[in-house]
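Just the heavy atoms: all of them, side chains too, but no hydrogens, waters or symmetry mates, feed the values below. Below, read A as the first sequence line, B as the second, and so on, with proteins coming before strands; counting in each chain starts at 1.
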Protein chains: 2
Amino acid sequence: MVKCRKNNLNDVFSVLSDPTRRSIIEQLSKGERSVQELAQPFDMSLPAISKHLKVLEKAGLVSQRKEGRYRYYFIKPDSMDSACEWMEGLKQVWTKLEGMFSGGKNKSQ
Amino acid sequence: MVKCRKNNLNDVFSVLSDPTRRSIIEQLSKGERSVQELAQPFDMSLPAISKHLKVLEKAGLVSQRKEGRYRYYFIKPDSMDSACEWMEGLKQVWTKLEGMFSGGKNKSQ
DNA sequence: GCGACACTTTACCATATGGTTAAATATAAA
DNA sequence: TTTATATTTAACCATATGGTAAAGTGTCGC
């Protein structure tokens, strides 16, 4: 019941649209981190970070593990796949378009 | 002055988080379209579509060309690159992580 | 010129988002 | 048991977002 690769493009892209959350993801890509560790670089209250983590978790990008009073968050590696694939697909088409632009009629900007 | 690849990750991801806008992008990847053509598949007012197009344009993903009373929108092919690259970078790291998970300590879920 | 057409702009509205502070919960330490 | 630490939850607030209807703008066709 791993809820693997559900078509949650909305959630994934929405999550990634916030710089704080992208930064958290970047931190987590170096390994699991406690909430304090994650919060440290930001000039922001702990509840704010907690909320971001909840959003990230709901979108399936991270998960957590409780150890004593600490809570370690870590990345769920395949969670971004659907979004990645969506963009890849577009990118292919767009590359073709780029050729059309160079040779073609649309020279706007 | 092409405003090429400014670090507008926020805007790009934000734009992509809306299914209507993703759908518009998918349509446009088949070629330029007028506003009516773009609006046709949606059960939504024209102003709503117009707004979405504006958002897409502001984020730099599309541009338009006026022809008579029609307005043709088209994709700006390299506009998604920064976002694409960001995800690619993550994906590489995550793939490594996946290996760590299989062999490793985090078996959560 | 005038009405139809294509589209945008302008209010306007409900809900979502991202932040805050203060209180609650849970575990560790003294 | 009391206190400190780690984190979440709750209540609140301002602003952003995605939609609407109605009016405005510009172009075409009669």
Flag side-chain contact, heavy atom, 4.5 Å: [X] against [Y]:
| X | Y | result |
| --- | --- | --- |
| A/P19 | B/L9 | no |
| A/Y70 | A/E37 | no |
| B/I49 | B/Q36 | no |
| B/V93 | A/K30 | no |
| B/V12 | B/W86 | no |
| A/E57 | A/L53 | no |

To the nearest angstrom, how far is [X] atom [atom1] from [N] atom [atom2]?
| X | N | atom1 | atom2 | value |
| --- | --- | --- | --- | --- |
| A/K58 | D/dT8 | NZ | C1' | 17 Å |
| B/L16 | D/dG18 | CG | P | 12 Å |
| A/K66 | D/dT8 | NZ | C1' | 10 Å |
| A/E67 | D/dT5 | CD | C1' | 15 Å |
| B/D43 | D/dT20 | CG | C1' | 12 Å |
| A/L38 | D/dA6 | CG | C1' | 13 Å |
| A/F42 | C/dG18 | CZ | P | 13 Å |
| A/Q40 | D/dT7 | CD | P | 13 Å |

Fill in: Donor-acceptor contact present, side-chain A/Q64 to main-chain A/R71, <3.5 Å
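No; zero donor-acceptor contacts below 3.5 Å.
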
Discussion item. Closest approach to the side chain of B/A48, judged atom by atom: which nucleotide of D/dT27, D/dT20, D/dG18 is it?
Written reply: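 It is D/dT20.
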
Item to complete: With sequence neighbours excluded, give me every side chain to side chain donor-acceptor pair (under 3.5 Å) pair touching residues 45-54 of chain A.
Response: A/R21-A/H52

Discussion item. Under 4.0 Å from OP1 or OP2 of D/dT20: is there any side-chain N or O of B/S45 that close?
Written reply: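 The answer is yes; a side-chain N or O of B/S45 sits under 4.0 Å from OP1 or OP2.
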
Item to complete: Could you tell me whether the phosphate oxygens of D/dG19, OP1 or OP2, come under 4.0 Å of any side-chain nitrogen or oxygen in B/H52?
Response: yes

Fill in: Contact state string [nucleotides 5-15 of chain C, B base, S sugar-phosphate only, - no protein heavy atom under 4.0 Å]
BSBBB------

Fill in: Within one Ile-Leu-Val-Met-Phe-Trp-Tyr cluster: A/L61 and A/Y72, side-chain cutoff 4.5 Å
no

Worksheet item: Bend across the helix from C/dG1-D/dC30 to C/dA30-D/dT1, to 10°, with axes taken over 5 pairs at each end?
Response: 10°

